[in-house]
Engineer: 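The structure under discussion is supplied below as structure tokens; questions concerning it will follow.
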Number of protein chains: 2
Amino acid sequence: MSSLTNNELDAPPWLRVESTLMATARLVREAFDTRLAPLELNLTQASLLGYVAEFGATTQTRLADHLGIGRASIGSVIDRLSDRGLVERQPDPHDRRVWRVEITAAGRALAGEVADVDEVLRAELRHGIGREERQALSWVLTRLQQNLQSAIRS
Amino acid sequence: MSSLTNNELDAPPWLRVESTLMATARLVREAFDTRLAPLELNLTQASLLGYVAEFGATTQTRLADHLGIGRASIGSVIDRLSDRGLVERQPDPHDRRVWRVEITAAGRALAGEVADVDEVLRAELRHGIGREERQALSWVLTRLQQNLQSAIRS
DNA sequence: AGTTGATTGTATGTTGCCGTACAGTATGTG
DNA sequence: CACATACTGTACGGCAACATACAATCAACT
């Protein structure tokens with residue numbers, strides 16, 4: 001694992017940005033999953049919980065879009081959270097096709113712990129990285145996403 | 001998918017770097033997979049082929065480390081490339097446990113096409129992103145990886 | 001030499017996500 | 001109203017990667 005990183009890093013940087021990016025993403029998931037393990041949540045579940053806690057009940061499709069996974073996948077994520085009583089599917093009064101996914105009291109309590117974990121970890125991740133560097137990272141990633149989207153649609 | 005991007009982007013940038021990063025990584029894989037589809041390769045297979053083409057025969061474990069996937073996974077990747085006659089497993093004269101994974105003539109030819117695809121796509125991805133910005137991205141990602149590694153080991 | 005511990009590649013089962021197809025429902029159009 | 005079209009959530013099968021356990025082999029130490 002560390003050998004991976006070393007191999008990646010001694011390559012010409014931009015030449016292998018895609019690899020570095022993928023490796024970093026993997027590490028992000030791993031780090032969050034590790035820290036969230038005591039809560040018995042993975043990153044996806046925690047993100048969903050956090051989103052519902054912050055923005056209130058929404059449909060599954062909106063949740064899927066936000067988390068960047070498919071409508072099919074979000075279903076099973078909600079299933080598991082629902083089994084643990086952290087969220088609830090409530091019928092939408094205006095559209096009988098959709099469920100409104102609402103957080104429960106237990107879910108809200110756990111979401112608070114998730115937020116704590118999140119804050120601590122992000123503070124660690126910021127270490128040694130200045131504010132303007134973080135903004136630059138964000139900007140470049142955004143631009144890169146646009147280019148990727150263009151590349152995919154062609 | 002575009003709604004994902006929009007949702008991500010209107011969030012506070014650094015607050016959601018992890019999501020942006022993950023989404024970008026997914027797009028990277030998607031873009032490469034799309035462009036590599038005519039060659040009937042995915043990103044992992046192409047990376048392996050490219051690595052062997054450039055650095056010569058190596059063991060499976062080294063390949064796994066380089067690509068950042070597990071020893072178990074690399075086996076099936078090699079299986080498929082081997083079935084198509086693009087690489088070959090050759091016994092190592094000094095260590096009967098290991099295979100030396102060598103590229104074939106057909107594999108080398110295909111690796112050339114992969115390199116072309118790679119170069120074209122990377123040029124597109126650089127669009128609108130300056131040299132120093134790319135270097136900054138690389139630097140921040142590297143630093144972030146270090147922080148992530150520290151976070152995971154604790 | 002013999003024994004112990006590390007390493008390589010493989011087998012097996014699990015996870016998380018995808019793509020496709022589908023039934024149910026809503027919405028717009030004639 | 002009838003009909004076509006679009007959208008929501010689910011079911012199903014597939015894929016790529018993981019973690020774990022294993023046999024074969026090497027290396028080191030006594």
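Order of the sequence lines fixes the chain letters, A, B, ..., with proteins taken first and strands second; residue numbering starts at 1 for each chain.
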Engineer: With no hydrogens and no angle check, just 3.5 Å: does a side-chain donor-acceptor pair link A:T104 and A:E88?
Structural biologist: no
Engineer: Just to verify, which of A:L121, A:T24, A:T34 counts as forming a side chain to side chain contact (heavy atoms under 4.5 Å, CB included) with B:L148?
Structural biologist: A:T24
Engineer: Could you tell me whether the phosphate oxygens of D:dT10, OP1 or OP2, come under 4.0 Å of any side-chain nitrogen or oxygen in A:R89?
Structural biologist: yes
Engineer: Distances under 3.5 Å only, N/O to N/O: pair up the protein atoms with those of nucleotides 15-17 of chain C.
Structural biologist:
{"from": "C:dG16", "atom 1": "OP1", "to": "A:N42", "atom 2": "ND2", "distance (Å)": "3.3"}
{"from": "C:dG16", "atom 1": "OP2", "to": "A:R80", "atom 2": "NH1", "distance (Å)": "2.8"}
{"from": "C:dC17", "atom 1": "OP1", "to": "A:T44", "atom 2": "OG1", "distance (Å)": "2.7"}

Engineer: How many whole angstroms separate atom CZ of B:F32 from atom C1' of D:dA16?
Structural biologist: 18 Å
Engineer: Please state how far atom CE in A:M22 lies from atom C1' in D:dA16, giving the value in whole angstrom units.
Structural biologist: 11 Å
Engineer: When you check the gap from the basic side-chain N to the acidic O, do A:D33 and A:R26 get nearer than 4.0 Å?
Structural biologist: no
Engineer: Using whole Å, what does the distance between atom P of nucleotide D:dA17 and atom CG of B:D79 come to?
Structural biologist: 13 Å
Engineer: Between A:R62 (CZ) and D:dC7 (P), how many Å, whole number?
Structural biologist: 15 Å
Engineer: If you measure from CD1 on A:I74 to CD1 on A:I78, what distance do you get to the nearest 0.5 Å?
Structural biologist: 5.5 Å
Engineer: Could you tell me how far apart B:D65 (CG) and C:dT7 (P) are, to the nearest whole angstrom?
Structural biologist: 12 Å
Engineer: State which residues pass side chain to side chain donor-acceptor pair (under 3.5 Å) with A:D92; sequence neighbours excluded, sorted by chain then number.
Structural biologist: none
Engineer: Please report the interatomic distance CZ(A:R143) to CD(B:E133), rounded to the nearest 0.5 Å.
Structural biologist: 9.5 Å
Engineer: Mind checking the OG1-CZ spacing from B:T44 to B:R29? Nearest 0.5 Å is all I need.
Structural biologist: 4.0 Å
Engineer: Salt bridge check, B:D95 against B:R100: does any charged N sit closer than 4.0 Å to a carboxylate O?
Structural biologist: no
Engineer: Evaluate the side chain to side chain contact (heavy atoms under 4.5 Å, CB included) criterion for residues B:L144 and B:L21: first the C-alpha distance (whole Å), next the side-chain angles of each, then the deciding distance (0.1 Å), finally the verdict.
Structural biologist: CA-CA 11 Å; B:L144 191 52; B:L21 210 53; 4.0 Å; yes
Engineer: Rounding to an integer number of Å, can you tell me how far B:L67 CG sits from D:dC18 P?
Structural biologist: 10 Å
Engineer: Specify the separation, in whole Å, of atom CD of B:Q60 and atom P of C:dA11.
Structural biologist: 11 Å
Engineer: Counting only heavy atoms and a strict 4.0 angstrom limit, can you tell me which residues of residues 94-101 of chain A come near DNA chain C?
Structural biologist: A:D95, A:R96, A:R97
Engineer: Quick one: B:L63 CG to C:dT10 P, roughly how many Å, whole number?
Structural biologist: 12 Å
